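One structure below.
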Amino acid sequence: MSQGAEESFKKVISHAKEYGFVFQSSEIYDGLSSVYDYGPNGALLKNNIKNYWWRSMVQLNDNVVGIDSAIFMHPDVWRASGHIDAFNDPLIDNKDSKKRYRADVLVEDYAEKLFQKAEKEIKKAALRFGDSFDSELYRKTNTRVLEYEKKAKTILSRFSKALSNNNLSEARQVIIDEKIKCPVSGSSNWTDVRQFNLMFGTKIGSVAEGANDLFLRPETAQGIFVNFLNVFKTSRMKIPFGIAQVGKAFRNEIVARQFIFRMREFEQMEMQFFIMPGSEMKWFDHWKKVRMNWHESLGFNPKNYRYHNHEKLAHYADAAADIEYNFPFGFKELEGIHSRTDFDLKQHSQHSGKKLQVFDPVSNENFTPSVIETSIGLDRMFLSVLSECLKEETLKDGTLRTVLQLPHSLAPNQAAILPLLKKDKLPECAKKIYDQLKFNFQLIFDEKDAIGKRYRRQDAIGTPICITVDHQSLIDNTVTVRDRDSMGQNRVEIKDLSNIIKNTTSVEALLKKV
Ligand code: ATP
């Protein structure tokens, strides 16, 4: 990570803590590694992101329904899904630094550096040749660029082949041959590569009765598959249709770092779309576009998003792509879109003995639907929103302002009600306004400190509107409304406040862009 990127990432993390968005779990006991808690503003923002996703899926699509399945599931679910045998990460230790790494991440980071070198060559040439420069032609013909890209692709495909064949010594050999070094010790003194299962185990029932081993779910998707028939029969859906859910997932990540990007307990927002076999690519492309559109609807910099098509596919998939976001530490997966074929339903049919099929009136036959999945981490989404929206502005008077430029409808609080002074009946008047509006809006009431300081605090937590009650309010029932982004102020009538907040913060405008 460059120094500038590291600085801006540190700012996001400390802002998240200072303003009550994210805390380390069990902090007073020195914390629990890679587990985090959401504070008052964090919980509100997280709920707003979750609701935005849920509405975009369940409310906007008449052929998508939502469920909420349990975290505990029958242990055979994980046998059928392949998680017991194949939900592994390859790990490797550096003998000098004693640091543990995911072997695939080491190799991917190394390949990414080669791709970046190729990009640098192209940028250098663009500067040299000026307006007439054709970057695509240069990419296709320049020998240096071609060499970097070829090398990166060869390494990735050699490594991915080694993993698919479960050839762990060959996987290690890639790291040795490329002289990939430990970022901490700088040495290439590596152990063997080993497979490590990421599921957390637990037990159900008392020991006396003979407790059964269970797993904490590592993804929410299986709760959807095992409920496929229940939902199909009770919701009057027909193929194609989708089932969405939001919920906790747990993974014993080997290298869980980068704040809330990779956690051991996290939340997923997943949707499984059940389709006719043969229409996989049509729906895969459809959902790829719809999901990118959803991200773009938030109005963030489009350059911070890109697709990454998978070369190495999971055991269940016939196509897969990630939507990557340019986090402060570089482009990384934010959401996955997978064409899962009929793998999951067939596996559960086989292991449960129940026929998970539907009837096709055209062919007069039963069939097992195929599935397109969209899967996004709520916490990763939260991190992308924070990173994108946290801005520092130098104002005309030279002072620095920190402002969280959240899309208005995602802001933790829709408006702040601020009596100008803590006397002269201003707090009472402000409280009355608060009590009128609180039934429809999430509000903050704040009467402490000078008004300028209170505005800055609201800017830092992204509150779109500040409503200030002053002496004139007592005379003519008007207040000032301050806009977070322009900092402009307007005098408005108290009776109009409800409409003003609604128009500024309603989620409708965002949803219409999806
Ligand atoms: P990665 O390659 O980063 O480990 P993955 O490919 O294993 O991710 P999926 O199994 O496709 O991830 O999970 C879907 C989504 O869930 C991811 O796109 C990500 O947003 C989120 N996610 C997965 N693992 C974690 C985690 N440990 N912490 C936070 N979010 C996660």
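Both ligands and their constituent atoms are indexed starting at 1 by order of listing. Since the model is a prediction, treat every value here as computed from it, not as a measurement. Just so you know, residue 1 is the first one in the sequence shown, and it goes up from there.
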If you measure only the distance, is there a donor-acceptor pair under 3.5 Å linking the side chains of Ser370 and Glu280?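 Ser370 vs Glu280: donor-acceptor pair found between side chains.
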
Would you call the rings of [X] and [Y] parallel, tilted or perpendicular if under 30° counts as parallel and over 60° as perpendicular?
X	Y	answer
Tyr325	Phe327	perpendicular
Phe382	Tyr38	perpendicular
Trp190	Tyr101	perpendicular

Hey, does [X] come in under 3.5 Å of ligand 1, counting only N/O atoms on both sides?
X	result
Ile260	no
Glu270	no
Phe266	no
Arg251	yes
Ile376	no

Among all protein heavy atoms in this structure, tell me which lies nearest to atom 19 (C) of ligand 1, with the distance rounded to 0.1 Å.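 For atom 19 (C) of ligand 1, the nearest protein heavy atom comes out as Arg380 NH1, 3.4 Å.
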
What residue and atom, counting heavy atoms only, is the protein's closest point to atom 18 (O) of ligand 1, and at what distance?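 Here the closest protein heavy atom is Glu333 OE2, 2.6 Å.
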
Going by the order shown, which atoms of ligand 1 are within less than 4.0 Å of some heavy atom of [X]?
X	answer
Glu335	18 (O)
Phe261	28 (N), 29 (C), 30 (N)
Ser375	13 (O), 14 (C), 15 (C), 18 (O)
Glu253	24 (N), 26 (C), 27 (N)

For [X] and ligand 1, answer yes if some heavy atom of the residue is under 4.0 Å from a ligand atom, otherwise no.
X	result
His338	yes
Arg262	yes
Arg102	yes
Leu334	yes

Name of the residue among Phe21, Tyr36, Phe329 meeting ring-ring contact (aromatic ring centres under 6.0 Å, His included) with Phe259: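 Single pass found, and it is Tyr36.
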
For Glu170 and Lys161, what are the C-alpha separation, side-chain angles and deciding distance, and is it a salt bridge (charged side-chain N to carboxylate O under 4.0 Å, His left out)? CA-CA 9 Å; Glu170 164 69 358; Lys161 200 163 142 207; over 6 Å; no

Should Asp342 and Pro277 count as side-chain neighbours, where that means a heavy-atom distance under 4.5 Å?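 The answer is no, as the side chains (C-beta and beyond) never meet within the 4.5 Å cut-off.
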
Beyond-backbone contact of Ser375 with Gln268, side-chain heavy atoms, under 4.5 angstrom: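 Yes, close enough: below the 4.5 Å cut-off.
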
Report, as yes or no, whether the 6.0 Å neighbourhood of atom CG on Asp177 holds more than 12 heavy atoms from other residues, nucleotides or ligands.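 Enclosed.
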
Please step through salt bridge (charged side-chain N to carboxylate O under 4.0 Å, His left out) for the pair Glu108 and Arg102, ending with a clear verdict. CA-CA 10 Å; Glu108 278 162 20; Arg102 261 174 66 177; 5.8 Å; no

